[in-house]
Amino acid sequence: MTTAPWRDPALPAAARVDDLLSRMTLEEKTAQLYGVWVGAATDGDGVAPHQHDMTVDYEWDELITRGLGQLTRSFGTAPVDPALGAQALARAQRRITEAGRFGIPAVAHEECLAGFTAWQATAYPVPLAWGATWDPPLVEEMARRIGDDLRSAGVHQGLAPVLDVVRDPRWGRVEETIGEDPYLVGTVGTAYVRGLESAGVIATLKHFAGYASSAGARNLAPVRAGTREFADVTLPPFEMALREGGARSVMAAYTERDGVPASADPELLTGLLREEWGFTGTVVADYFGIGFLHTLHRVAGTPAEAAHAALEAGIDVELPSLKCYGDPLVDAVRSGEIPEELVDRAARRVLLQKCELGLLDEDWTPEPAATVNLDSTGNRILARRLAEESVVLLDNPDGLLPLAPDTRIAVIGPRAADSLAMLGCYSFPSHVLTHHPGVPTGIEIPTVLDALRTELPDAKVTFTQGCDVTDPDTSGFEEAVARTAEADVCVAVLGDRAGLFGRGTSGEGCDATDLALPGAQAELLDALVATGVPVVLVLLTGRPYALGRWHGRLGAVVQAFFPGEEGGPAVAGVLSGRVNPSGRLPVSVPQVPGGQPWTYLQPPLGLAGEVSNLDPTPLYAFGHGRSYTTFAWEDGTGGEEPAEIGTDGSYDVSVTVRNTGDREGAEVVQLYLHDPVASVTRPDVRLIGYQRVTAAPGEAVRVTFRFHPDLSSFTDRSSRRVVEPGDLELRLGASSADVRHTARLTLTGPVRVLGTDRRLRCETEVTDAG
């Protein structure tokens with residue numbers, strides 16, 4: 001039997017794809033450029049924006065005779081048993097391969113932001129909680145498990161991670177981000193990419209680029225970021241995840257910057273991404289993003305014009321379903337309005353990726369794994385560890401925590417007894433099951449109340465809700481106050497309800513006017529504090545909220561960012577003392593609800609000063625977090641006089657961290673850069689390195705950061721990335737505001753202009769110090 005060259009795995013992928021393309025009709029090539037969302041709602045109540053008016057009718061059996069590029073969310077649209085879903089996906093793939101002339105299967109993609117977004121799949125902590133762990137290896141392990149679960153079900157591509165850097169904490173999708181610093185986002189996000197890709201699943205970086213900088217924190221609002229903010233804050237995490245993580249796909253953002261939508265920006269999607277950074281994978285549209293060029297952005301008059309703009313910019317795949325890349329594109333190419341070369345360019349990229357996945361091989365089979373278990377014991381153990389590392393002890397001024405094992409505890413608050421309080425908006429129960437009332441959650445999610453009763457079996461625990469998350473009704477306050485007055489301590493569990501497009505207080509399309517606690521929760525907390533009983537505030541949220549109103553009035557403050565299915569036991573473990581808290585803030589916690597937006601990456605005029613009566617200084621700084629043990633920072637390197645190195649030199653800065661307490665604990669050593677004078681204004685401090693270390697009582701470890709001047713680079717007035725000579729300070733701290741040691745440097749020599757081979761990461765070494 002003669003095998004066509006495109007079927008021959010011994011040939012280079014490029015040769016195979018060129019041969020295949022030469023055999024395909026225009027309709028067959030364009031069919032590789034769109035997905036189909038089987039079962040997507042068209043009644044106006046879907047899980048994606050404008051789903052109801054952007055989904056077109058099609059005849060499945062006729063459509064797949066052309067082939068198909070992608071299958072959209074076979075598991076993430078409705079509750080389906082994972083084993084049955086895997087079999088159904090395999091049947092769909094068999095139908096696709098049997099219907100088309102070439103027998104090419106589709107790429108199946110799913111959401112996997114905080115775990116595989118499928119019924120009965122592990123719900124891990126949200127990305128903001130990953131950032132709070134400051135533990136990239138642990139995040140990589142989680143992503144590898146997510147990838148293994150996706151592969152077991154027949155899925156090839158995951159739409160994660162989100163690499164947007166928080167610029168305004170009122171934005172609803174803060175919970176989906178890793179934090180407010182590009183280095184933290186880049187390192188943790190890259191770890192996720194490595195984990196997912198190591199499982200053979202394509203990681204998709206989103207949202208490229210600038211989505212989180214939307215004006216007024218409104219979802220999809222125009223982006224006001226200037227050239228240097230875009231280059232120095234927005235882009236670095238994406239560059240790191242591509243260069244170091246090996247991500248094979250990028251998702252174009254919905255938003256527009258300076259009048260140009262990302263989905264129609266060839267300078268971004270081709271000039272920067274491909275020509276400068278060397279990316280060779282696929283660029284996919286955010287859901288309906290190509291159609292939005294016509295309907296929302298109004299830079300295209302028809303779906304065909306939108307298809308032309310997106311293809312020319314560099315978007316290869318229209319998701320989630322065909323709208324513009326289907327018949328409108330075919331007709332426009334036939335009429336000469338769109339060059340067929342643009343179709344060929346995108347189809348070649350798609351087919352090369354399918355070739356990498358083995359989908360062009362004759363022996364490819366769609367059969368799923370023999371066993372599909374999406375919430376294994378190993379998954380839950382890892383979810384618990386992530387949750388425990390992500391809990392941040394913000395304050396414990398008088399040592400109220402850990403709680404005594406036999407104390408009387410009044411648990412109050414709308415988040416205490418609700419399992420959904422643990423989950424973000426892209427978890428399956430919050431994202432999909434709200435449309436399927438009566439269907440069980442599918443996974444066990446202990447609440448804080450249940451977990452605390454298990455954790456402290458000898459304690460007397462009472463509970464009342466007090467109020468709802470958003471309802472202003474205060475009629476439950478009286479009972480809450482009464483239960484608190486009878487207790488030794490009150491645990492107030494407050495926070496967010498994740499949802500979509502206004503159906504929650506956090507999540508996509510759930511943007512906030514300010515950073516006040518939702519509903520009547522602030523007033524409930526006031527009433528509890530007024531009893532005189534010590535109050536432990538536990539926050540289960542998707543963003544930081546202003547806490548200055550209660551500073552100095554609370555017994556302790558514990559922050560958890562939607563910590564996943566094992567979040568209840570993790571929080572209860574911190575309250576009982578079984579878990580020594582080690583989370584650190586990935587975002588600042590403000591003093592007051594207004595005065596936003598603000599993150600710690602501020603130049604001098606963004607800091608408190610005499611020119612304004614508004615003080616933006618946060619209550620708890622980026623990187624802050626407390627422990628039940630203590631650490632001494634000793635023997636930092638660097639003398640009184642600055643060390644001189646060239647602008648292409650290197651310098652080691654070290655410190656010894658010793659556990660001076662009575663129990664094992666973890667410290668996060670953070671390295672910040674202060675640039676006193678530069679040719680453009682610079683953030684007062686910014687993170688350039690960090691290391692999480694664990695030490696037993698009395699144990700000491702030496703942490704060494706190998707600083708290279710590339711880490712001091714920035715975008716100058718000519719839009720070049722440069723290292724400038726001059727003075728610098730390397731600040732070792734326990735947070736951006738808690739500096740423990742400073743090493744002064746002077747960079748000598750000429751200005752260095754950097755390219756894409758610059759160093760992105762500060763290498764770190766940890767040694768035993770006795």
Which heavy atom of Val571 sits nearest to which heavy atom of Ala560, and what is that distance? CG2-CB, 4.1 Å
Quick one: does any side-chain atom of Thr407 pair with a main-chain N or O of Asp488 as donor and acceptor, under 3.5 Å? no
Non-neighbouring partners of Asp406 that pass salt bridge (charged side-chain N to carboxylate O under 4.0 Å, His left out), sequence neighbours left out: none
Full working for ring pair (Phe, Tyr, Trp, His ring centres under 6.0 Å) between Phe561 and Trp130: CA-CA 9 Å; Phe561 298 109; Trp130 312 346; over 10 Å; no
Please determine, by modelled atom types, if Tyr124 and Arg145 share a side-chain donor-acceptor pair under 3.5 angstrom. no
Checking side-chain contact (heavy atoms from CB on, under 4.5 Å) against Val558, which of Leu537, Leu394, Leu575 comes through? Leu575
Leu732 and Trp633: which non-hydrogen atoms are nearest, and at how many Å? C-CZ3, 4.0 Å
Residues Asp496 and Thr541: side-chain donor-acceptor under 3.5 angstrom: no
Could you walk me through whether Glu175 and Arg543 pass the salt bridge (charged side-chain N to carboxylate O under 4.0 Å, His left out) test, one step at a time? CA-CA 6 Å; Glu175 64 173 72; Arg543 62 164 64 85; over 6 Å; no
For Glu444, the salt bridge (charged side-chain N to carboxylate O under 4.0 Å, His left out) test, sequence neighbours excluded, returns none
Could you tell me which residues satisfy ring pair (Phe, Tyr, Trp, His ring centres under 6.0 Å) with His624, sequence neighbours excluded, listed by chain and number? Tyr620
Give me the one residue out of Asn659, Thr660, Asp662 that meets side chain to side chain donor-acceptor pair (under 3.5 Å) with Thr630. Thr660
Could you go step by step and tell me if Glu389 and Arg384 meet the salt bridge (charged side-chain N to carboxylate O under 4.0 Å, His left out) rule? CA-CA 9 Å; Glu389 287 195 9; Arg384 172 78 69 91; over 6 Å; no
Where do Trp119 and Gly442 come nearest, in terms of heavy atoms and distance? NE1-CA, 3.7 Å
Output, in order, the C-alpha distance, side-chain angles, deciding distance and verdict of side chain to side chain contact (heavy atoms under 4.5 Å, CB included) for Val489 and Val535. CA-CA 6 Å; Val489 64; Val535 175; over 6 Å; no
Donor-acceptor pairs under 3.5 angstrom involving side-chain atoms of residues 364-373: please list them, not counting sequence neighbours.
unit_1	atom_1	unit_2	atom_2	d
Thr365	OG1	Glu367	N	3.3
Glu367	OE2	Arg94	NH1	2.4
Asn373	OD1	Asp375	N	3.2

Locate the shortest heavy-atom distance separating Ala487 from Arg408; write the atom from each residue and the value. CB-O, 3.6 Å
Restricting to pairs with a member in residues 185-205, which pass salt bridge (Lys or Arg N to Asp or Glu O under 4.0 Å), not counting sequence neighbours? Glu140-Arg194, Glu197-Arg248
For ring pair (Phe, Tyr, Trp, His ring centres under 6.0 Å), just list the numbers for Tyr183 and Trp134, CA-CA rounded to whole Å, side-chain angles, deciding distance to a tenth of an Å, and then say yes or no. CA-CA 11 Å; Tyr183 188 83; Trp134 294 64; 9.3 Å; no
Ignoring hydrogens and angles, tell me if any N or O in the side chain of Thr72 forms a donor-acceptor pair with the backbone of Pro320 under 3.5 Å. yes
Got a sec, which residues hit ring pair (Phe, Tyr, Trp, His ring centres under 6.0 Å) with Phe75, two or more places apart in sequence or on another chain? Phe116
Are side-chain N/O atoms of Ser736 and Gln670 paired as donor and acceptor at under 3.5 Å? no
Given side chains that start at C-beta, do those of Ile409 and Lys460 come closer than 4.5 Å, heavy atoms only? no
Can you check salt bridge (charged side-chain N to carboxylate O under 4.0 Å, His left out) on Glu111 and Lys206, steps first, answer last? CA-CA 12 Å; Glu111 298 283 1; Lys206 57 187 192 182; 3.0 Å; yes
State whether a side-chain donor-acceptor pair under 3.5 Å links Glu508 with Tyr426. yes
Out of Val185, Thr177, Val174, Ile178, which residue meets the side-chain contact (heavy atoms from CB on, under 4.5 Å) rule with Asp164? Thr177
Is Arg385 salt-bridged to Glu566, going by a charged N under 4.0 Å from an acidic O? no
Thr187 and Tyr690: side chain donor to acceptor below 3.5 Å: yes
Counting C-beta onward and ignoring hydrogens, is there a side-chain heavy-atom pair between Val162 and Leu113 closer than 4.5 Å? yes
Do we see a donor-acceptor contact under 3.5 Å between the side chains of Ser582 and Arg692? yes
Is there a donor-acceptor contact under 3.5 Å from the side chain of Asn580 to the main chain of Glu664? yes
Got Tyr600 and Glu180 here, is their nearest side-chain heavy-atom distance under 4.5 Å? yes
I'd like to know if the side chain of Arg144 pairs up with that of Ser198 as donor and acceptor (distance under 3.5 Å, no hydrogens or angles considered). yes
